[in-house]
Each structure stands twice: as structure tokens, then as C-alpha cells.
Engineer: 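Quick one: the structure is below, and I'll ask about it shortly.
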Amino acid sequence: MGEVSPLVILVAAIFTNNILLANFLGMCSFLAVSKRIDTAAGLGAAVIFVTTFTTAINYGIYHHVLVPMELTFLSYIIFITVIAAFVQFVEMFVERFSPVLYHALGIFLPLITVNCAILGVSLFMIIRNYTFMQSIAFGFGGGVGWTLAIILIAGLRQKMRYSIVPVPFRGVAIAMVITGVMAMTFMGFAGMVTIQ
Amino acid sequence: MAHSGPVVCAICGGSGPCDGKGRETLRAGVWVTNPVSVQVLGVCSALAVTNKLENALVMGAALMFVCVGTNLFVSLLRNVTPRRIRMIAEVAIIATFVIIFDQILRAYYLEMSKQLGPYVGLIITNCIIMGRAEAFALSNRPVVSMLDGLANGLGYALVLGIIGFVRELMGTGALFGHQILGADWYTPNQLMILAPGAFIALGFLIALHNAITGINKPEGKGN
């Protein structure tokens, strides 16, 4: 993957290889939070921030500590610890220095540790063998793509409150079907750029 | 220390090591509060690996293994784990079992490990396991906790099996790679093995479960 420009990876991570709609990551918090646009945007902002930084930290740890010491089998436990610690740190930092931001993002931060999009981005980075700049582009793009998808679907679900949905489909079932339709529209971007 | 619940356990008769909760626990995990189709937890992997029936079953086995192991150890350590750090302790236990399964899969079944890609590692963030550890293993004895892990793992594997069956059959006309529907009359619907098919298949499965059990919220319309 050495030759692909980080910019291409950024665009691909947002549109063609959307982390939610093509790789199914971050579904749990997606279903819980995609009922209103403003909460969706708040969680999205927190996800973009955390994925970008944890990808960079995990890249450093994997390539400069785990690989030289031949401890790559420990990568899962190290990655999840880094993510949990980073989220905890951000929470304390934001609470101390920006109470406004804390009230906007605070409630979403604990949710993020168990958001599989964050861990997924780090794992894809290893599997696809990205360079440092590519990893950051992928981390940022993955977060932006996830946010884009969740805001679009929150918009649809907000409108859908006024529609009459067949009884068994009410709730999560219809949200899944809408997400499927949204995934179909994102497939229209396929062929624009591709990454493995 | 046997306290009999409202339903007498069919497995131990209410006096065995499962505290009389065995039958209820199994029924809850597999059907009544099925982790995927009722609680809608852990759907990331349920969607991602179900393009083939074989992948779906291996993933189901992985989750069952991790869930039983995690519940056992969380339950054994429940009286010595300080409450404030229980989350990180749970994550460490989960990650250990995931690493064990991942290493076994890599050693004996490398192709499958490559096909599942990051989704084996992502079991760590699978809400089902954390949810069972928090909601059940922290307040129950080891044997019944293991049973709960097994039941939820079974419920998950069952849903994955059904989705994997439908998607592989409709998407390629084959099962386990063997052609079932004749190529001369059946045109595979490739959408089913792509991402949208996964969402739509799970949506219909949840609706089906709701229709059978009659679960729905009369007050809400769209949401």
C-alpha cells in the first residue's frame, strides 16, 4: 500500500469503503443514537476525534514496539487498552478545560470505548499495511464516513416518525432496512476510488 | 444454597449448581431475549461475516467460546474485583479469550482467519459479551454464568446461521460452497452477499421475531 496517496484513502474511507455501510462497524451505538440529528452529530464529532488520534498512537505502538519485540499477538489487548485510556484521558481533559464541550460530548465519550468502529479502524490499518500518513488519513476518513452515515440516517428516522410502518417492523427492524437502502446508494460511489 | 425460582429447572431440579435458573437462562438467551434479534447487540459481526454460512458458523462458535470463558472468569472473580475497575478487568478477560481463539484459528484454519479479517478481534468490542458479564456474571455463581454465556452464544450463532443460510443461498445459489439451486433456472441475487443485503436480511429477521412473539411498541410509530 506504499504508493496510494493519503488523499485517495481519505476519500475512499468516506464514500466507497464507508466504515458503517460497507464494513458494518459501529452498529450498536449507531442504532442507539441515530434517532435525532443533533445527538448523532455530537457522537460523530467525538468518534472522528478519537479514531484519528488512536489510529496514530496504535500505529506507533504496533510498528515501533510490538513488531520489533515480536509481540504482535498482543495487539488486540494493547489496542483496546490504548483506546480506553485515551478516551478516559480526553474525558478528564475536556471536563477540566472546556465544560461547554464536556456537556456536548461528555455523555458520548464512555460509549466510544466499546464502539467497534474505533478498534476496527486500528485493525484494518494493520491488515492493510498502511504507512503512517495513510493510517491517519484512514482514521480521520473512517470517522467522517461514520458520522456522515449516522447523520443521514438520523435525518431519515426523524422524518419516519410520521409514517405508518407495519407493526412488526417498528423500531430497529425498519432502521435496518433503511440502512440497507442507504448502503445501496453508497454503492453508487463504487468505482470512483478503491482501496483494499 | 438452592433457591427455587418460579420455574423449576429441568436440568438440575432446582438443587444443582445452576441455582434452579438453568432452564430459564437457556430460554432467555436463545429465544426470549435473544442478543441479536431482540436486544440488537453485537450486530456488527452478525452483518459482516454472514455472506457465507461457513463463516457465520465459525463466528458463532468464536462468540460462544469467548462468552462462556468470560462469564466463568468474571463470575469467579466477582467478589474480589473492585467495582470501579470492573470494566477494564472485564475487557482484559474478554481480550484474553479472543486472543486464544484467534491464535487457534490461525494455527489450524488460516484461510478462515483471513476471511474473517478484523472481525475476530472485534469480538472484544462485541456488546453481547460485555453485556452478559455486566448484567449476569457479576451477580451470579460460576456454573449458571457459564450456562448464560452458552445460551447467549447459542442465540447469537443461531441468528448468524439463519442469516448466513439465507444470504449465501440467495446470493450465490450455493450452501457451504456446493451448488444447491440449479444455475440453469436460478439467477443469483448478488445484492444479498453485498452490504445492503446484510442490513435488509437482518431487518426482516427482527421483524419476523417481533411478529411471532408479538413484541412491538404501540405508542411509537416510526421509531
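Every chain is numbered from 1 and lettered A, B, ... according to where its sequence line falls, protein lines coming before strand lines.
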Engineer: In the structure I gave you, are the side-chain heavy atoms of A:N23 and B:Y119 within less than 4.5 Å of one another anywhere?
Structural biologist: yes
Engineer: Looking at every non-hydrogen atom in both residues, tell me the closest pair between A:I77 and B:A95 and how far apart they are.
Structural biologist: CG1-CB, 3.7 Å
Engineer: Identify the two heavy atoms, one from B:G203 and one from A:V177, that lie closest to each other, and give their separation to 0.1 Å.
Structural biologist: CA-CG2, 4.2 Å
Engineer: Around atom CZ of A:F140, are there more than 12 heavy atoms of other residues, nucleotides or ligands at under 6.0 Å?
Structural biologist: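 Not buried by this count: 12 neighbours or fewer within 6.0 Å.
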Engineer: Can you confirm whether more than 12 heavy atoms, excluding those of B:F97, are under 6.0 Å from its CZ atom?
Structural biologist: yes
Engineer: Check each atom of B:L205 against the heavy atoms of chain A and say whether the ones under 4.5 Å are side chain, backbone, both or neither.
Structural biologist: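 Neither the backbone nor the side chain of B:L205 comes within 4.5 Å of chain A.
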Engineer: Measure the OG1-CG distance between B:T96 and A:L74 for me, rounded to the nearest 0.5 Å.
Structural biologist: 9.5 Å
Engineer: Minimum heavy-atom separation for A:A84 to B:I88, with atom names?
Structural biologist: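 That closest heavy-atom pairing would be CB-CD1, 4.3 Å.
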Engineer: Can you tell which of A:L25, A:V181, A:T81, A:I126 has the highest number of heavy-atom pairs within less than 4.5 Å of chain B?
Structural biologist: A:L25
Engineer: How far does CG of A:L119 sit from CG of B:N126, to the nearest 0.5 angstrom?
Structural biologist: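 Interatomic distance, A:L119 CG to B:N126 CG, rounded to 0.5 Å: 11.5 Å.
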Engineer: Looking at A:C116 and B:C44, what are the two nearest heavy atoms and their distance?
Structural biologist: SG-SG, 2.7 Å
Engineer: Check whether any side-chain heavy atom of A:M184 sits under 4.5 Å from a side-chain heavy atom of B:L191, and report yes or no.
Structural biologist: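 The answer is yes; the side chains approach within 4.5 Å.
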Engineer: A quick test of your reading: do over 12 heavy atoms of other residues, nucleotides or ligands sit less than 6.0 Å from OH of B:Y108?
Structural biologist: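 No, OH of B:Y108 has 12 or fewer neighbouring heavy atoms, counting only those of other groups under 6.0 Å.
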Engineer: For residues B:P196 and A:G180, report the shortest heavy-atom separation together with the two atoms involved.
Structural biologist: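 The answer is CB-O, 3.4 Å.
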Engineer: Between A:F24 and B:F199, what is the ring plane arrangement, given parallel below 30°, perpendicular above 60°, and tilted in between?
Structural biologist: tilted
Engineer: May I ask you to check whether over 12 heavy atoms, not counting those of B:Y186, lie within 6.0 Å of atom OH?
Structural biologist: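 Count over threshold, so yes.
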Engineer: Find the distance between CG (A:L123) and CG (B:L122) and round it off to the nearest 0.5 Å.
Structural biologist: 5.0 Å
Engineer: Near A:F189 CZ, under 6.0 Å, is it more than 12 heavy atoms from other residues, nucleotides or ligands?
Structural biologist: yes
Engineer: Going from CG on B:N210 to CZ on A:F169, what distance comes out if it is rounded to the nearest 0.5 angstrom?
Structural biologist: 9.5 Å
Engineer: Which one wins on heavy-atom pair count under 4.5 Å against chain A: B:L208, B:L202, B:I99?
Structural biologist: B:I99
Engineer: Is A:M182 in contact with chain B via its backbone, its side chain, both, or neither, using a 4.5 Å heavy-atom distance?
Structural biologist: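 The answer is neither part of A:M182.
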Engineer: Would you indicate whether A:L7, at its atom CG, is surrounded by more than 12 heavy atoms from other residues, nucleotides or ligands within a distance under 6.0 Å?
Structural biologist: no
Engineer: Out of curiosity, B:I206 CD1 to A:M176 CE, how far, rounded to the nearest 0.5 Å?
Structural biologist: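 That separation rounds to 5.0 Å.
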Engineer: Assess whether atom CD of B:Q103 is packed by more than 12 heavy atoms of other residues, nucleotides or ligands within 6.0 Å.
Structural biologist: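 Yes.
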Engineer: Could you pull out the closest heavy-atom pair between A:M27 and B:V43, with the gap in Å?
Structural biologist: CB-CG2, 3.4 Å
Engineer: Measuring from A:Y76:OH to B:I123:CD1, what's the distance to the nearest 0.5 Å?
Structural biologist: 9.0 Å
Engineer: Which one wins on heavy-atom pair count under 4.5 Å against chain A: B:L41, B:I200, B:V98, B:I94?
Structural biologist: B:I200
Engineer: What part of A:I118 lies closer than 4.5 angstrom to a heavy atom of chain B: side chain, backbone, both or neither?
Structural biologist: neither
